[in-house]
Asks: 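Take this structure, written in structure tokens, and hold onto it; I'll ask about it next.
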Amino acid sequence: MKASIQLNLTDAERKNLRKHKIRKADISGFAPDELEEILQVSTQRAREILALIDFQQIPSVGIKFAEDLIYLGYYAVDSLKGLDGARLVEEFEASKGYQIDSCVEDQFRLAVYFADTGDRSKNWWDFTAERKQYRAENGYPQNRPTAIWHEVVSVKWKKHWMM
């Protein structure tokens with residue numbers, strides 16, 4: 001069974017949901033323009049909220065990966081149909097400027113698979129062997145960032161706490 005959907009709603013957004021007697025579980029039933037009016041948010045924010053809900057329908061995908069898909073400009077599971085998980089991770093790394101954890105590539109592969117098939121029986125770790133085989137045969141692009149995610153996150157964390 002899928003865990004509950006996570007949303008990082010502001011206090012004002014939660015207040016507006018209560019005001020309209022709408023449960024978080026019912027948000028996905030609204031069109032972006034309706035949600036925009038109910039929550040008193042921008043069109044972009046309404047699209048993001050709906051996308052977070054949609055992407056978390058993918059088995060074993062949580063809010064952080066849903067945010068990563070939005071970061072790449074995707075707002076619906078259907079928009080991932082026919083894409084290539086390996087190319088998505090390469091695009092993601094290039095845009096972030098650092099290498100991500102390999103399990104995230106497995107999540108990209110799962111997201112595309114789910115969009116193409118609707119099959120809920122697989123989780124991201126079911127794509128590990130496929131990723132390993134693909135990378136053994138094809139490697140990574142020559143222009144792959146050299147920084148690694150945990151080094152970048154660690155540096156940002158240290159700077160934050162030293163201020």
Side-chain angles (χ1 to χ4, degrees), residues 1-10 13 27-28 31-32 35-36 41-163:
M1 170 133 293
K2 180 71 178 165
S4 67
I5 299 296
Q6 297 295 310
L7 295 174
N8 292 329
L9 298 175
T10 66
E13 291 165 348
I27 293 174
S28 65
L35 193 58
E36 180 182 348
V41 296
S42 68
T43 302
Q44 178 66 20
R45 177 63 178 152
R47 287 181 67 215
E48 288 172 0
I49 291 169
L50 291 171
L52 289 170
I53 293 168
D54 195 32
F55 290 135
Q56 288 181 76
Q57 300 307 308
I58 302 169
S60 69
V61 166
I63 190 169
K64 296 305 281 175
F65 185 68
E67 289 170 343
D68 292 344
L69 289 166
I70 293 168
Y71 173 82
L72 285 177
Y74 299 100
Y75 289 87
V77 170
D78 283 348
S79 65
L80 302 173
K81 285 183 177 177
L83 298 181
D84 181 325
R87 297 293 161 260
L88 286 172
V89 78
E90 291 166 6
E91 178 186 343
F92 187 72
E93 286 185 340
S95 68
K96 287 290 191 175
Y98 54 82
Q99 297 175 18
I100 56 155
D101 190 283
S102 57
C103 70
V104 177
E105 181 170 347
D106 300 342
Q107 290 182 32
F108 277 111
R109 289 172 179 275
L110 166 65
V112 170
Y113 171 82
F114 180 80
D116 288 343
T117 67
D119 180 2
R120 295 182 176 278
S121 69
K122 295 192 181 278
N123 292 295
W124 64 263
W125 51 86
D126 294 317
F127 293 84
T128 302
E130 176 184 306
R131 170 191 35 91
K132 286 180 177 182
Q133 179 179 350
Y134 176 86
R135 292 301 175 189
E137 293 171 4
N138 300 289
Y140 288 92
Q142 286 188 340
N143 63 347
R144 186 180 193 206
T146 55
I148 301 171
W149 72 271
H150 58 82
E151 296 169 343
V152 174
V153 171
S154 176
V155 168
K156 287 180 181 178
W157 183 83
K158 287 178 186 174
K159 285 182 182 177
H160 173 76
W161 289 105
M162 293 182 82
M163 294 181 142

Asks: Apply side-chain contact (heavy atoms from CB on, under 4.5 Å) to Ser28 and list each qualifying residue two or more places apart in sequence or on a separate chain.
Replies: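 Partners of Ser28 under the side-chain contact (heavy atoms from CB on, under 4.5 Å) test: Ile53.
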Asks: Under the side-chain hydrogen bond (donor to acceptor under 3.5 Å, both in side chains) rule, what pairs show up with a residue in residues 46-55, not counting sequence neighbours?
Replies: Gln44-Glu48
Asks: Report yes if some heavy atom in the side chain of Ile27 is under 4.5 Å from a heavy atom in the side chain of Ile5; otherwise report no.
Replies: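 No, every pair of side-chain atoms sits at 4.5 Å or beyond.
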Asks: So how far is it from Phe65 CZ to Ser60 OG, rounded to the nearest 0.5 Å?
Replies: 9.5 Å
Asks: Do Arg45 and Leu35 come within less than 4.5 Å of each other through their side chains, counting heavy atoms only?
Replies: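 Contact flag for Arg45/Leu35 side chains = no.
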Asks: Give, for atom CG of Leu80 and atom CZ of Phe108, the distance between the pair rounded to the nearest 0.5 Å.
Replies: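 Answer for the CG-CZ pair, Leu80 versus Phe108, is 9.0 Å.
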Asks: Got a sec, which pairs hit salt bridge (charged side-chain N to carboxylate O under 4.0 Å, His left out) with one end in residues 113-127, sequence neighbours left out?
Replies: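 Found none.
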Asks: Can you give the donor-acceptor pairs under 3.5 Å from side chains of residues 88-95 to other protein atoms, not counting sequence neighbours?
Replies:
| from | atom 1 | to | atom 2 | distance (Å) |
| --- | --- | --- | --- | --- |
| Glu90 | OE1 | Arg87 | NH1 | 2.8 |
| Glu90 | OE2 | Arg87 | NH1 | 3.0 |
| Glu90 | OE2 | Arg135 | NH1 | 2.7 |
| Glu90 | OE2 | Arg135 | NH2 | 3.2 |
| Glu93 | OE1 | Arg144 | NE | 2.7 |
| Glu93 | OE2 | Ile100 | N | 3.0 |
| Glu93 | OE2 | Arg144 | NH2 | 2.8 |
| Ser95 | OG | Glu91 | O | 3.3 |
| Ser95 | OG | Phe92 | O | 2.9 |

Asks: Please determine whether side chain to side chain contact (heavy atoms under 4.5 Å, CB included) holds for the pair Leu52 and Asn8, giving the CA-CA distance in whole Å, both sets of side-chain angles, and the decisive distance to 0.1 Å.
Replies: CA-CA 9 Å; Leu52 289 170; Asn8 292 329; over 6 Å; no
Asks: For Ala31, give me all partners under side-chain contact (heavy atoms from CB on, under 4.5 Å), at least two apart in sequence or on another chain.
Replies: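 Partners of Ala31 by the side-chain contact (heavy atoms from CB on, under 4.5 Å) criterion, ordered by chain and then number, come out as Asp33, Glu34.
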Asks: Any sub-3.5 Å donor-acceptor pair from Ser79's side-chain atoms to Tyr74's backbone N or O?
Replies: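 Side chain of Ser79 to backbone of Tyr74: no pair is present.
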Asks: Quick check against the 3.5 Å criterion: does Glu105 have a side-chain atom that pairs as donor or acceptor with the backbone of Ala86?
Replies: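 No; judged by distance alone, with no hydrogens or angles, the pair does not exist.
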Asks: Run the ring-ring contact (aromatic ring centres under 6.0 Å, His included) test against Phe114 and tell me which residues pass, sequence neighbours left out.
Replies: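 None.
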Asks: Do Leu7 and Glu13 have side-chain heavy atoms sitting under 4.5 Å apart?
Replies: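 Side chain of Leu7 against side chain of Glu13, heavy atoms only: no contact under 4.5 Å found.
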Asks: Going by side chain to side chain donor-acceptor pair (under 3.5 Å), name the residues that satisfy it together with Ser102, two or more places apart in sequence or in a different chain.
Replies: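 None.
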Asks: What residues, two or more places apart in sequence or in another chain, satisfy side chain to side chain donor-acceptor pair (under 3.5 Å) together with Glu137?
Replies: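 Expected list: Gln133.
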Asks: Working to the nearest 0.5 angstrom, can you tell me the gap between Asp68 CG and Gln107 CD?
Replies: 8.0 Å
Asks: Provide the closest heavy-atom pair for Ala46 versus Pro32 in the form atom of the first, atom of the second, distance.
Replies: CB-O, 3.5 Å
Asks: Determine whether the aromatic ring centres of Phe55 and Tyr75 lie less than 6.0 Å apart.
Replies: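 Ring centres of Tyr75 and Phe55 not closer than 6.0 Å.
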Asks: Not counting sequence neighbours, which residues clear side-chain contact (heavy atoms from CB on, under 4.5 Å) with Glu130? List them please.
Replies: Arg109, Phe127
Asks: Please step through side chain to side chain contact (heavy atoms under 4.5 Å, CB included) for the pair Tyr71 and Lys96, ending with a clear verdict.
Replies: CA-CA 10 Å; Tyr71 173 82; Lys96 287 290 191 175; 3.8 Å; yes
Asks: With rounding to the nearest 0.5 Å, note down the distance linking CD1 in Ile58 to CG in Leu69.
Replies: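 Ile58 CD1 to Leu69 CG: 6.5 Å, rounded to 0.5 Å.
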Asks: Please confirm whether the backbone N or O of Ala66 pairs with a side-chain atom of Gln56, one donor and one acceptor, at under 3.5 Å?
Replies: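 Checking the backbone N and O of Ala66 against the side chain of Gln56, no donor-acceptor pair under 3.5 Å is found.
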